[in-house]
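As structure tokens, the structure follows; a few thoughts come after it.
The chains referred to below are lettered A, B, ... by the order of the sequence lines, with proteins before strands, and numbering in each begins at 1. Computed from heavy atoms alone, side chains included, the values below leave out hydrogens, waters and symmetry copies.
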Protein chains: 2
Amino acid sequence: MSGKTGKPTQKEIARIAGVSQTTVSLVLNDRDGTNVRIPEATRERVRRAIEQTTYVADPAARRLAGLDNKILGVFTYESALTAESMDFYGPLLNGIERAAEQYDCDLLFFTSSPVENGSRRLFHRNTRLRLADGCILLGQHMDGEELARLVSEGFPFVAVGRRDEAEGVPYVGIDYRALTRDLIARAVELGHTSAVYVHGDRDTPSSRDRLAEIEAAGARGPLSFRSLPDVGGDPAATARTIVESGATLVVAEDAFAAEDLALALDRQGVALPIEVSIAALGEVQSHTVKGLRLSGFHTPRQRIAFEALGLLRELIAADPERADTIDRQRLLQGSLEPGETLVARRADA
Amino acid sequence: MSGKTGKPTQKEIARIAGVSQTTVSLVLNDRDGTNVRIPEATRERVRRAIEQTTYVADPAARRLAGLDNKILGVFTYESALTAESMDFYGPLLNGIERAAEQYDCDLLFFTSSPVENGSRRLFHRNTRLRLADGCILLGQHMDGEELARLVSEGFPFVAVGRRDEAEGVPYVGIDYRALTRDLIARAVELGHTSAVYVHGDRDTPSSRDRLAEIEAAGARGPLSFRSLPDVGGDPAATARTIVESGATLVVAEDAFAAEDLALALDRQGVALPIEVSIAALGEVQSHTVKGLRLSGFHTPRQRIAFEALGLLRELIAADPERADTIDRQRLLQGSLEPGETLVARRADA
DNA sequence: CTGAAAGCGCTTACAG
DNA sequence: CTGAAAGCGCTTACAG
């Protein structure tokens, strides 16, 4: 490969410029320390030689020789660029691309990782993980063992979203607990006393966070919560249960579930949102229910991306000695979207 | 970097397994030719040693030693992952990711390339281009010099979209000329005799292709075309000119322009599409005019992606001897979307 | 101020 | 069947 395509090397540049290959390297990297001092004349000759050719340093060689490559890995446990997943990953990827640009880094997407029962594996025979200086991890479900291995090997990485599948995993996520508390407080203000929480069976940290806050609020009062796993994804059945429960507020785990539920409730003749309010514990951007803006959260995903890349760079650059001083688990504050589907409880309800 | 993180090497594996480093490499790469024949017992010992550690081959070293890396570069002359550009790049990137998965390749996005007056530069001081086995090029405007340089250096690459900025550029694109002819034929069938072609001042091959077909059709008759550069992007002014021209058909270069024009024509009291038909010479997926499906093209962008990666892999694998036999300039056929905005010319018009 | 030399981790002829 | 050695293109002490 390398030989076939006659691409120029430092050796040739050196020959043309009449200097040693070392000097070419020195000029190229602007080395100018105590021991090296190359006169402008020499530098200039080297530069001219480079311009004559099409020389660019071979990144593989640079990497092998111990330099950072300014390549950040992006690993997604699920396919990142499909039409469906773009809704979720899109703003994140956008932010990552922007941040990478700003940090002058390239992005290596590990699309080759073999998929095993629905999720990619990070470690495999030919993983190119190590070609990157560090790696961003995206996905709902992450493999605890892989996370632990990354941590123990000291490979710089940052997960997007709070993680507790393994000890000491660096992450940047959204503070869903705080957001959930805020939403509940608002529901209480609006007079609700009986609610249903409809959630999937996702066993992710942020999923558990939301559930924990819901349960804490239910125990604390005055808003009682009935927790309803949306088994089998049958919104109609779930809607019936909700109606029977007499709740005046439905909280869904995410905006898509909220929309599905709203549709099902509507079909059962429930007047939304006057009779029953509905809200989602997730990003509600551009989600609506009967033309009304869905109540829920705004999650600053672009900011997450920047923060994650920032943290990753800190970890990469970190002097092992004081790497411990870095705050490697960060939760960003989202904001409540009041929306139009969480309204005051009717006096007669 | 490499030394700090104590990641295992073949040397250590060799020590553990009690063999030479060469043997480890041989086992790892399943070499089993005429000169090498490693008994299963030895192989097994090596494999066990590998499993004890967290060894993975260093891709930089492999690359330097002359192997393919299974890394394909993706270079976009404009930002690829922004919300706006996703409309255009989304299906393309989706296809590229899928194809890369299938081909067992990773994707390196050159996000670090410096932006000079609105467009990225492929060649620069620290370009990591060469880390990839080859590269996919995306974007409206490509730099002719860069293309020429890629060609002359023999670096494997494939542009998305027809290119003629430089000689011998491999590409996979859409046959816009054929599509444009089809659309014109349909307009003729529908009785139109006077049309206006509104186009930007983009100087890209596919832009010129469309214009060329329009002009040829105009010269040929029976549909006469007035070509109208949408200077300054003032749809209202353009709409006035169209009305004055008495044309019964407006053809816009792309769907967005068509939508803008339709709006402007509507404001001037033109009844679309009865009085004036409108169509776009581009992908019209999910574009509408007054609730009507816009007439235009469907461009198989996911197929383009697959085709482009396929061609790229051919070029990478190509034996230099018979590389010439590869068809490196491919146009895919799109399909006409009849839509609802290109209708029969009114009898009294 | 500049060059010869070692080394990064791997692959692949080439000898045994 | 297996190992010692050269080499991929670079960086960086280390000597001059």
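Rounded to an integer number of Å, the gap from OH of B/Y55 to C1' of C/dG9 is 7 Å. When rounded to the nearest whole Å, the span between CG of A/L67 and P of C/dG9 equals 14 Å. Going from atom CG of A/L26 over to atom C1' of D/dC14 covers 13 Å, rounded to whole Å. Distance, B/L64 CG to D/dT11 C1': 12 Å, rounded to whole Å. Atom CG in B/L28 sits roughly 8 Å away from atom P in C/dC10 (whole-Å rounding). As rounded to whole Å, 12 Å separates atom P of C/dT2 from atom CD of A/E40. Rounded to whole Å, the distance from CG on A/N29 to P on D/dT11 is 4 Å. Between the P atom of C/dC10 and the CD atom of B/Q10 lies a distance of 4 Å, rounded to the nearest Å.
Annotation: cation-pi pair B/R149/B/F123 present, NZ/CZ under 6.0 Å from the ring centroid and within 45° of its normal. Figure legend: B/R313 and B/Y103 shown as a cation-pi pair, the cationic atom lying under 6.0 angstrom from the six-membered ring centre and within 45 degrees of its axis.
Taking the salt bridge (Lys or Arg N to Asp or Glu O under 4.0 Å) definition, one finds that A/R48 meets it with A/E44, sequence neighbours left out. Among residues two or more places apart in sequence or in another chain, the ring-ring contact (aromatic ring centres under 6.0 Å, His included) test is passed with A/Y55 by none.
With hydrogens and angles left out, the side chain of A/T22 and the base of C/dA4 share a donor-acceptor pair within 3.5 Å.
For the pair B/T23 and D/dG3, the criterion of a side-chain N or O lying under 4.0 Å from OP1 or OP2 is met. At D/dG9, none of the side-chain N or O atoms of A/S25 fall inside 4.0 Å of OP1 or OP2 (strictly under the cut-off). Distances shown here put every side-chain N or O of B/Q21 at or beyond 4.0 Å from the OP1 or OP2 atom of D/dT2. For C/dT11, one of the phosphate oxygens OP1 or OP2 lies less than 4.0 angstrom from a side-chain nitrogen or oxygen of B/R62.
Going from atom OG1 of B/T204 over to atom CG of B/D164 covers 9.0 Å, rounded to the nearest 0.5 Å.
Nucleic acid contact class of B/T9 (heavy atoms, under 4.0 Å, all strands): sugar-phosphate only.
Salt bridge A/E145/A/R121: absent, no basic N to carboxylate O contact under 4.0 Å.
Among D/dG9, C/dT11, C/dT2, the nucleotide with an atom closest to any side-chain atom of A/T42 is C/dT2. Between D/dT2, C/dC10, D/dC10, one nucleotide has an atom nearer to the side chain of A/D58 than all others, and that is D/dC10.
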Whenever both distances are under 3.5 Å in a Watson-Crick or G-U wobble pair, mark it; put DNA chain D into dot-bracket that way, with [ ] for crossing pairs and | when the partner is on another strand.
|||.||||||||.|||

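For the pair B/L150/B/E146, no side-chain contact is recorded, criterion being any heavy-atom separation below 4.5 Å from C-beta on.
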